[in-house]
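Here's the structure, in structure tokens; my notes come after.
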Amino acid sequence: MAAEQGKLRSADWFGREDKGGFIHRSWMKRGLPEHEFDGRPVIGICNTWSELTPCNIHFRDLAEAVKRGVYEAGGLPVEFPVTSLGEPIMRPTTMLFRNLASMDVEECIRANPVDGVVLLTGCDKTTPACLMGAASVDLPTIVVPGGPMLNGKYRGGDIGSGTDVWKFSEDFRAGKMTREEFGLAEDGMTRSDGHCMTMGTASTMACMVEALGMTLPGGAAVPAPDSRRKVLAHLAGSRIVEMVREDLKMSTILGRAAFENAIKVNAAIGGSTNCVVHLLALAGRVGVELSLDDFDRLGSELPLLVNLMPAGKYLMEDFYYAGGLPVVIQELKDVLHLDALTATSKSLGENVEGAVCYNRDVIVPLDAPLIEAAGLAVLWGNLCADGAIIKPSAASPELMQHRGRAVVFETIEDYHQRIDSPDLDVDESSVLVLQNVGPVGYPGMAEVGNMGLPKKLLEKGVRDMVRISDGRMSGTAYGTVVLHVAPEAAIGGSLALVRDGDMIELDVVGRRLHLDVSDEELARRRAAWQPPTPHDTRGYVSLYIDHVMQADKGVDFDFLVGKSSAVVTREAH
Ligand code: FES
């Protein structure tokens, strides 16, 4: 171990024969014998456990499994907490805090004597926040996803988190579901540890982690309460010690090929639109050139192979039993970069060799896809000069080309106040437009883009309409929803200039989103436009508003873009 000691960051703390070495070892020992500080790799276990992040509530147990693996491989595990982000709880939106959490992760890793990192991630934003922060330090890193919940149950059938909530909510509002039934569904939705078990953002990001090569094969889908999740954590604990010895850094895995693989896999799994902002931000951190165009060019023509909600009918538990992501990767073998290096030190292709599909109703073969061209489409036009996105697999085919009259809501409060008014001048051909819910406008780019339909139209049986906003949409949601409009309304994007009654044209095939108002009239409106009052002029929110980039740039802070390093900074003593 002595030779290794000189190469490790932790030796700058524990490998010294002076006052500093005394202080570092003495305070850390607390029952650990001397030989734990003999130069073995120190593995930081970055834990997003919090009782306010219910999807990550089992992470203390998971960390213990990781520790067993680290010890077994001859490393020293040190668990540390970081900011956690509870999707169903935090206000105004967890996305406001993704960058803050990533900074916490980055600085905690860099400031401490760790040689390698295990990221415990689960609920939506905890995955990108940890990846982004760790990528900025660029040590050997592996992810242990927390795993999805077991299938939800209601009256003998399966129900999916998020996806069925939207349905139940609309049925309840339309008077088709009683309060008692609503409560029963609520009880059956969350039956175990784990994150949302639909192909929402958490499941998508877990699949992205696996497609990027940042976890062990099969790591995305094992349900949280399945004992094999702990086996995975144990093995990841052992593996990270080897990664340190191999000096297999995050940036070695996260090359352009890994991101292209992730984009393509996202299309085939019917993944969340949120992966766009998270992958763009992560690419920015590791210095990989990635643009909105890449999502359309690489993913839009790829087929949907996974029959999971919200695009299909099954859930993550079924996906795991069917073979999980390794089967999907095998199906896509002709379009993926199978030679991309992964955390196993093997290629993506080697990782999935021998993967077997056990249920062809859940994961269909490439020659019999559920949808032919299922990836995200990127729209351009005078309403979105820097782009907007739509998820065709979650949209209504008959609305993919649509011209309709705008019904504009200036804020989310304005929407809530008027959407159910009998006087709202709206019909099923209208286009609902929501302004000021973007990165600066909300602030934090909330998941309100899939705004519920007017009650009077729900009562008539209408279940989808074209909706446009500068916000995001939950990965569990569905509908003909145009999202991530950039530049956003709050900084003067054209979305801010739309007025009630304007005609809007959506042409997904032609990749066009057009506001049918003359250039002269738009110029007149732009000259009269006043920016909204800032939400805060102090603290983190003020920093966020001043530095957040637009959706087409991943909504990261401008000052966080670009590779950083694991440099050991000057001493405290
Ligand atoms: Fe945590 Fe859905 S609320 S993953």
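Remember, it's 1-based here, ligands and their atoms both numbered in the order they're listed.
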So, Tyr544 versus Phe557, ring centres under 6.0 angstrom or not?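 Yes, the ring of Tyr544 comes within the 6.0 Å limit of the ring of Phe557, centre to centre.
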
Take the angle between the ring planes of Phe182 and Phe172 and call it parallel below 30°, perpendicular above 60°, tilted in between.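 Correct class here is parallel.
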
List the atom pairs, donor and acceptor, that lie under 3.5 Å between side-chain atoms in residues 305-313 and the rest of the protein, sequence neighbours left out.
{"unit_1": "Asn307", "atom_1": "OD1", "unit_2": "Lys313", "atom_2": "N", "d": "3.1"}
{"unit_1": "Asn307", "atom_1": "ND2", "unit_2": "Asp361", "atom_2": "O", "d": "3.2"}

Can you list everything that forms a salt bridge (charged side-chain N to carboxylate O under 4.0 Å, His left out) with Arg239? Sequence neighbours excluded, please.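 In terms of salt bridge (charged side-chain N to carboxylate O under 4.0 Å, His left out), with neighbours along the sequence ignored, Arg239 is linked to Glu246.
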
Quiz item: cation-pi between Lys264 and Phe259, 6.0 Å / 45°: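 No, a cation-pi geometry is absent between Lys264 and Phe259.
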
Mind listing the protein N/O/S atoms less than 2.8 Å away from atom 1 (Fe) of ligand 1? Waters don't count.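 Near atom 1 (Fe) of ligand 1, the protein supplies Cys55 SG, Cys123 SG.
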
Listing request: all side-chain hydrogen bond (donor to acceptor under 3.5 Å, both in side chains) pairs with a residue in residues 197-207, at least two apart in sequence or in separate chains.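 Output for this query lists Thr201-Ser272, Thr201-Asn274.
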
